[in-house]
There are 2 protein chains.
Amino acid sequence: MDLRQLRYFIAVAEERSFTVAARRLNLSQPPLSQHIQALEAELGTQLLYRTSRKVEPTQAGEAMLLRGRAILQQIKSAEDEVRSIGAGLIGTLDLGATGSILRGRLAELLAAYREVAPLVRMTVHEQAPALQIAALLNRTTNISLIRGVPRERDLTSKLAWREEVVLAVPRSHPLAKRKRVALGELASEDHVILDPDSSDFARYVQTCCVDAGFLPRVSQQVVDAQSIPSLIAAGFGVALVPQSIARFTTADIAFRPIRPSPPAADVFLVFREDETSMVVHNFIKLALRYLSQRRRLG
Amino acid sequence: MDLRQLRYFIAVAEERSFTVAARRLNLSQPPLSQHIQALEAELGTQLLYRTSRKVEPTQAGEAMLLRGRAILQQIKSAEDEVRSIGAGLIGTLDLGATGSILRGRLAELLAAYREVAPLVRMTVHEQAPALQIAALLNRTTNISLIRGVPRERDLTSKLAWREEVVLAVPRSHPLAKRKRVALGELASEDHVILDPDSSDFARYVQTCCVDAGFLPRVSQQVVDAQSIPSLIAAGFGVALVPQSIARFTTADIAFRPIRPSPPAADVFLVFREDETSMVVHNFIKLALRYLSQRRRLG
DNA sequence: AGGATTGATAGGCTTTCGCTATGGACCTCC
DNA sequence: GGAGGTCCATAGCGAAAGCCTATCAATCCT
């Protein structure tokens, strides 16, 4: 059986006329008759009872009409689904991010994406950077947002945005009175830092300090950036943190820009080089476009 | 989308190789590539991710594979159903018959038919002959078994079998002692008859009696042949009944053949002339064959 | 009875389909 | 590390199908 034959048959059965059906199909009547005959021959069954005055489906024809319509509908629906998947409008998207990035600019990016592709099931996996890399290689996640470029060969990274690194100090601290702070002035302070083993950002900050001529004295080392503000407020010292964190912390803490030469922490979109999902490609394309726009605007 | 393309795609997706799939499809590899390309172009989506070493479905391809398999299966199932209906192996069959015919030879005919077409839903409507005709014209029933040929123009009748008409008398009756009885001898008896208005059989019997030189004296007239044996046993008189009734009545009654020139009641298969159902045609064909066979054998 | 309408058939033309031959990328084996 | 082998894509040709116009046979309507 052929889909063309099926469509033709349905048209004739519905119109109860070869001539009218042919008109509807933008076809002349003879080939229509021939196709119906071929279909009947293949099924070994008369589907239409025809006199020169009227055409009516036989019982077999009624069944064929019913099932045929369902089949055509299913085909259409399958085509739509495949097209949607191919266009990246349907599917799943697993993102990896740390809490600070998620609560930072990522949230607005996700909102923008959801407007474009509302049917994509998004899941954000909040986890430490090292685990994010593993998850990407695992195919547990499709995309990660990470401060720093991972060196794995199968992964591709694209700069998403740059965040200035700022100083976090207790409001009572003398540096809190200052409008800006030079990096070198922090040499004598106690520092709260992230674990450099699991965090590119921590390593980057460390490098910046070394470049400024000192190795930060560590009073406390944490794995989750979320813990830093509380420790600062509790008087454990100062910390160099991404500016985006400033938006979500208590009043006990002051954030001060580092000047001159403020360090910038780069956040990257990271994904598998061989990623095939159109949802992922779509997201990346949209994200880069959206972010560059934002950068230009403000 | 074309079914051929769908089949081709499924083969390639399953085999994960154009070359192998082409072999399976009894096709050379180039047209296979072309069809897949055409399908992908139509859907605007890559369905297969191909390198020179391996072929794998994309996410869209996976969906297409799943839905496509279901569609092909549905098509096959629809074809099977239509073929079965066309062959008269699936459907419904509504038969009309009087109780005496049903409990007579019809039962064995239905048993024979059920062996050939076990999936056909048969329903027997036990009703008076006049109602049977109406039901046939109504399309409430497809086939009736009636003693006598209805004169309606839209109905066709085929002789199913002939039954000898025999005399039913109480065992205590003098005629019960006889081996055979001539029709003329019943002139002086009281008769239990069916309503001649609704029964061809009753009219036929009446005609036979008139031919034999008398008009039967009616002691009781009933509409249901089933009532006759009880009335005979109760001493209401005698009755001329189809031989088949003899098999299902009590010991109080004797059945005696009419000799010479036994009257014969003909039972006909009656059906609409424009009947289209293959189930009905099948049943009629089988019934006539089966019955003529039975006639020859016994 | 004759014109009109309907589905079936016949013959010619265009499009599609499948084949062989070949190209380009990649893997494997010596 | 280059030669051969394998795989999918492309090109060009012959065969088959699909579609069209013209016509026929049957039926309906006036």
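Scope of the values below: all heavy atoms of this structure, side chains included, with no hydrogens, waters or symmetry mates. Naming: A, B, ... by sequence-line order, numbering from 1 per chain. This is a predicted model, so every value here is computed, not measured.
- Using a 4.0 Å heavy-atom criterion, one finds that B/Leu32 contacts no nucleic acid atom at all.
- Donor-acceptor pairing under 3.5 Å, judged by distance alone, is absent between the side chain of A/Gln37 and the base of C/dA8.
- Distances shown here put a side-chain N or O of B/Arg50 below 4.0 Å from the OP1 or OP2 atom of D/dA9.
- Between D/dC19 and A/Arg4, a contact under 4.0 Å exists linking OP1 or OP2 to a side-chain N or O.
- For D/dC8, the OP1/OP2 oxygens have no side-chain nitrogen or oxygen of B/Tyr49 closer than 4.0 Å.
- Phosphate proximity of D/dC19 to A/Tyr8: present, with a side-chain N or O under 4.0 Å from OP1 or OP2.
- One can place CZ of A/Arg16 at 13 Å from P of C/dG7, the figure rounded to the nearest angstrom.
- Straight-line distance from the CG atom of A/Asn26 to the C1' atom of D/dG18: 16 Å, rounded to whole Å.
- Nucleotide D/dC8 holds its P atom 10 Å from the CG atom of B/Leu48, rounded to whole Å.
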For B/Glu14 and B/Arg24, what are the C-alpha separation, side-chain angles and deciding distance, and is it a salt bridge (charged side-chain N to carboxylate O under 4.0 Å, His left out)?
CA-CA 11 Å; B/Glu14 284 180 350; B/Arg24 178 173 127 189; 2.9 Å; yes
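- The CD atom of B/Glu126 lies 7.5 Å from the OG1 atom of B/Thr98; values are rounded to the nearest 0.5 Å.
- The side chain of B/Pro30 lies closest to D/dA11 when the candidates are C/dA8, D/dC8, D/dA11.
- Summarising the geometry, the separation between CG on B/Leu27 and P on C/dG18 is reported as 6 Å, rounded to the nearest angstrom.
- How far CG of B/Leu145 is from CG of B/Leu269: 4.5 Å, rounded to the nearest 0.5 Å.
- If you take CD on A/Gln29 and CD on A/Gln34, they are separated by 9.0 Å, rounding to the nearest 0.5 Å.
- At the heavy-atom level, B/Thr19 lies under 4.0 Å from the strands shown only through sugar-phosphate atoms.
- For the pair A/Ile36 CD1 and D/dG18 C1', the interatomic distance rounds to 14 Å; values are reported in whole Å.
- Within the 4.0 Å cut-off from OP1 or OP2 of D/dA9, at least one side-chain nitrogen or oxygen of B/Ser33 is found.
- Expressed to the nearest 0.5 Å, how far CE of B/Met64 lies from CD1 of B/Ile10 amounts to 7.5 Å.
- Between C/dG18, D/dA9, D/dC19, one nucleotide has an atom nearer to the side chain of B/Gln34 than all others, and that is C/dG18.
- Using modelled atom types and a 3.5 Å distance limit, the side chains of A/Arg67 and B/Ser77 yield a donor-acceptor pair.
- Taking atom CZ on A/Arg7 and atom P on D/dG18, their separation rounds to 14 Å, with Å as the unit.
- Computed from coordinates, the A/Glu56 CD to C/dT6 P distance equals 16 Å when rounded to whole Å.
- Across the protein-nucleic acid pair, A/Phe18 atom CZ and D/dC19 atom P stand 15 Å apart, rounded to whole Å.
- The side chain of B/Ser28 approaches C/dT20 more closely than any other nucleotide in the set C/dA8, C/dT20, D/dC8.
- For the OP1/OP2 pair of C/dG18 and a distance below 4.0 Å, the side-chain nitrogens and oxygens of B/His35 include at least one atom meeting the criterion.
- Nearest to the side-chain atoms of B/Val55 among the listed nucleotides D/dC8, C/dG18, C/dG7 stands D/dC8.
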